[in-house]
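This report refers to the structure that appears directly beneath it.
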Amino acid sequence: MKKKKVIMIISGILVVLAVVIAIKFNLELKKASARFETYQNKVETIETSYGRIVYIDEGEGEVILSCHDICGYDQAYDTLADKTDDYREKKYVSMAVLATISLSSMLIGAIGTGLVPIDYFGVTERFSVFAATAFTAILGLYVFYGIDYLKKRFDNLII
């Protein structure tokens with residue numbers, strides 16, 4: 001009898017939890033759909049030999065190209081929305097410098113894997129892995145905190 005009671009209580013808790021999750025999911029889905037509709041007004045489409053490309057083009061000056069998977073322009077747009085003015089002023093040279101260093105390290109790693117003996121393959125291959133990881137981490141800090149915050153926090157860095 002005690003076992004049945006425990007099973008009933010656990011079942012009841014699971015049902016309540018499932019209902020709460022379903023309600024929350026539907027509310028989030030409605031918010032996401034409303035946000036997605038605002039992007040639909042800004043979207044432009046171009047047909048290429050590789051298929052359709054959907055994009056948002058705002059502002060003037062140099063282009064920031066942010067590639068994402070299917071229906072990903074909303075995330076890329078949100079990530080870069082408050083960065084476009086500063087980027088287009090070429091205010092932050094550090095991103096270009098870090099990208100160049102990272103790309104160079106990845107090339108050194110890729111070329112080095114073919115040049116060194118097989119016993120040392122992992123050493124040069126790590127240049128590529130660590131360069132990509134470090135650059136992604138730095139870009140994450142730029143986006144999360146904002147470059148101006150990082151400039152204030154680390155005055156001695158050239159950003």
Side-chain angles (χ1 to χ4, degrees), residues 17 20-22 24-159:
L17 187 61
V20 169
I21 290 172
K24 183 151 176 77
F25 175 77
N26 282 325
L27 291 173
E28 291 298 321
L29 188 60
K30 286 179 185 177
K31 283 196 294 188
S33 295
R35 194 179 94 208
F36 191 69
E37 284 181 29
T38 62
Y39 297 116
Q40 292 298 85
N41 298 330
K42 299 177 181 186
V43 165
E44 297 181 44
T45 304
I46 185 170
E47 294 290 336
T48 70
S49 60
Y50 293 100
R52 182 181 308 152
I53 297 176
V54 180
Y55 64 96
I56 295 176
D57 185 14
E58 285 193 351
E60 297 177 10
E62 294 181 40
V63 174
I64 300 173
L65 177 62
S66 179
C67 297
H68 202 278
D69 59 359
I70 192 164
C71 297
Y73 53 82
D74 59 327
Q75 294 168 356
Y77 181 78
D78 285 346
T79 301
L80 297 171
D82 63 340
K83 308 282 186 262
T84 55
D85 292 338
D86 292 339
Y87 171 79
R88 291 173 188 251
E89 291 174 9
K90 296 183 182 178
K91 189 174 175 183
Y92 306 111
V93 178
S94 62
M95 280 194 197
V97 171
L98 290 170
T100 303
I101 292 169
S102 180
L103 181 61
S104 299
S105 295
M106 286 189 268
L107 286 172
I108 289 169
I111 293 168
T113 56
L115 297 177
V116 298
I118 194 74
D119 294 340
Y120 299 104
F121 170 86
V123 174
T124 57
E125 190 262 345
R126 292 291 173 247
F127 276 96
S128 295
V129 173
F130 292 137
T133 304
F135 188 64
T136 302
I138 291 168
L139 285 180
L141 289 173
Y142 276 142
V143 171
F144 186 75
Y145 288 111
I147 297 171
D148 291 326
Y149 170 81
L150 292 175
K151 277 183 115 171
K152 289 175 192 170
R153 183 104 165 117
F154 303 103
D155 287 333
N156 58 341
L157 293 178
I158 299 171
I159 295 182

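- Atom NZ of Lys24 sits about 10.5 Å away from atom CD1 of Ile21, to the nearest 0.5 Å.
- To the nearest 0.5 Å, atom OG1 of residue Thr113 and atom CD1 of residue Ile118 are 9.0 Å apart.
- A distance of 8.5 Å separates CD in Glu125 from CZ in Phe130, rounded to the nearest 0.5 Å.
- The CD1 atom of Ile108 sits 9.0 Å away from atom OG of Ser128, with the distance rounded to the nearest 0.5 Å.
- Thr133 contributes a side-chain N or O that, together with a main-chain N or O of Val129, makes up a donor-acceptor pair within less than 3.5 Å.
- Minimum heavy-atom separation, Ser102 to Phe135: OG-CB, 3.4 Å.
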